[in-house]
Amino acid sequence: MRHVVLFHSVYGLRPAVRATADRLRAAGHRVTTPDLYGVPATDSVEEGFTLLDKIGQEVVLDRARAVLRDLPPETVLAGFSMGAGVAGALLAERPDSAGLLLLHGTGGAPDAVRPGLPVQLHLADPDPYDAPDEIDEWQQALTDAGADLTVFRYPGVGHLFTDPDLDEYAPDAAAATWKRVLDFLTDR
């Protein structure tokens, strides 16, 4: 069993994030899903970016830090898209994290990675927000820093392909993702 904090995407705390938390809880993990916005989720990515701009990235990070204060040091940091960036940004402040689970976006700087840190990335291929050469550079930098990194790329799917409430939902890729995520958490 792991403690997992699961940060939402730019859309906000959508039902898909709660459903993921329930899936992980059913497998025996303790999951926290903070609302980094404090307002209802948006219906479009454009509205989400507008909301993020209004709230501010620093406020979002401060809210994430506040949630982490009450969680064990070995909590797995996880997130969807923007939330993957939040998880990665806080890695340097959480050196004892049990792992970094990145869904639909990268996160984590090489200087924040301890040798052997388990990191798993699930990403559309291609992804509209992460260029392939940027992913390759990030992957090489984390590997060079000693991360135990596994990258799964899903060809021909949309950015948030695990969210069943979006048009880009890809059920086969989502099912493969959830199996791999559960294996990742169990193997820690």
Side-chain angles (χ1 to χ4, degrees), residues 1-9 17 20-21 23-34 36 57 60-125 127 129-155 159-162 173-188:
M1 178 195 57
R2 288 280 168 213
H3 281 86
V4 179
V5 62
L6 185 59
F7 299 116
H8 60 73
S9 74
V17 178
T20 298
R23 178 186 307 269
L24 300 180
R25 287 182 190 116
H29 304 289
R30 294 183 186 168
V31 185
T32 302
T33 54
L36 301 176
Q57 186 68 28
V60 165
L61 288 171
D62 286 343
R63 289 175 178 172
R65 284 183 186 102
V67 168
L68 286 169
R69 278 199 270 306
D70 296 329
L71 297 177
E74 65 279 359
T75 296
V76 173
L77 303 175
F80 288 90
S81 190
M82 175 202 80
V86 170
L90 297 177
L91 182 61
E93 300 170 25
R94 305 283 294 195
D96 295 328
S97 294
L100 185 61
L101 176 59
L102 307 169
L103 302 157
H104 315 291
T106 61
D111 59 351
V113 171
R114 72 171 188 279
L117 176 73
V119 179
Q120 192 176 80
L121 169 65
H122 299 268
L123 194 67
D125 185 20
D127 187 272
Y129 298 101
D130 290 297
D133 58 333
E134 291 172 2
I135 298 299
D136 293 342
E137 288 175 24
W138 172 87
Q139 184 173 355
Q140 188 61 54
L142 259 64
T143 301
D144 290 348
D148 178 8
L149 174 64
T150 305
V151 175
F152 295 101
R153 296 183 192 213
Y154 301 84
H159 178 65
L160 284 172
F161 62 87
T162 61
T177 298
W178 300 135
K179 181 187 179 324
R180 291 166 171 161
V181 164
L182 290 173
D183 290 346
F184 175 77
L185 294 174
T186 301
D187 292 344
R188 302 297 118 214

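One-based numbering along the sequence shown. None of the values given here were measured: they were computed from a predicted structure. Values below: every heavy atom of this structure, side chains too, minus hydrogens, waters and symmetry copies.
In this structure, NE2 on His3 lies 12.0 Å from CG on Leu68, to the nearest 0.5 angstrom. If you take CZ on Arg30 and CE on Met1, they are separated by 4.0 Å, rounding to the nearest 0.5 Å. We find the CZ-CG distance between Arg180 and Leu101 to be 13.0 Å, quoted to the nearest 0.5 Å. One finds the CG atom of Leu100 at 7.0 Å from the CZ atom of Phe184 (value rounded to the nearest 0.5 Å). Note that CG of Asp127 is 10.5 Å distant from CD of Glu134, once rounded to the nearest 0.5 Å.
In this structure a side-chain-to-backbone donor-acceptor pair under 3.5 Å is present from Arg25 to Val31. A donor-acceptor pair under 3.5 Å is absent between the side-chain atoms of His122 and the main chain of Phe152, judged by distance alone.
Between Asp144 and Pro110, the closest side-chain pair of non-hydrogen atoms is not below 4.5 Å. Residues Trp178 and Thr162 form a side-chain contact, since some pair of their non-hydrogen atoms from C-beta on lies under 4.5 Å apart. In this structure the side chain of Leu24 reaches within 4.5 angstrom of the side chain of Leu182, judged on heavy atoms. Between Leu123 and Ile135, some side-chain heavy-atom pair lies under the 4.5 Å cut-off. A heavy-atom distance below 4.5 Å is found between the side chains of Arg94 and Leu71. You'll find the side chain of Thr75 stays beyond 4.5 Å of the side chain of Thr32, heavy atoms only. Contact annotation: the side chain of Thr33 never approaches that of Thr20 to less than 4.5 Å [non-hydrogen atoms, C-beta and beyond].
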Kindly indicate, with the supporting measurements, whether the criterion side-chain contact (heavy atoms from CB on, under 4.5 Å) is fulfilled by Leu185 and Val4. CA-CA 9 Å; Leu185 294 174; Val4 179; 4.0 Å; yes
Test Met82 against His8 for side-chain contact (heavy atoms from CB on, under 4.5 Å), laying out the working first. CA-CA 7 Å; Met82 175 202 80; His8 60 73; 4.1 Å; yes
Go through the steps to decide whether Asp183 and Thr186 satisfy the test side-chain contact (heavy atoms from CB on, under 4.5 Å), and finish with yes or no. CA-CA 5 Å; Asp183 290 346; Thr186 301; 5.6 Å; no
Between Val181 and Leu103, is a side-chain contact (heavy atoms from CB on, under 4.5 Å) present by the stated rule, with each step listed? CA-CA 9 Å; Val181 164; Leu103 302 157; 4.1 Å; yes
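The two residues Gly116 and Asp148 come nearest to each other via the heavy atoms O-CB, 3.8 Å. In terms of heavy-atom proximity, Gly108 sits nearest to Leu142 at O-CD1, 3.6 Å. The shortest heavy-atom contact between Arg63 and Leu36 is NH1-O, 2.9 Å. In terms of heavy atoms, Asp130 sits closest to Gly105 at OD2-CA, 3.6 Å. Residue Gly146 comes nearest to Val113 through the heavy atom pair C-CG1, 4.3 Å, listed as atom of the first residue, atom of the second, then distance. What you find for Leu6 and Ala21 is that their closest heavy atoms are CD2-N, 4.1 Å.
The ring pair (Phe, Tyr, Trp, His ring centres under 6.0 Å) test with His159 singles out one residue from Tyr129, Phe80, Tyr154, and that residue is Tyr129.
The pair Arg65-Asp62 meets the salt-bridge criterion, since a charged nitrogen lies less than 4.0 angstrom from a carboxylate oxygen. A salt bridge links Asp136 with Arg153: at least one charged nitrogen is closer than 4.0 Å to a carboxylate oxygen.
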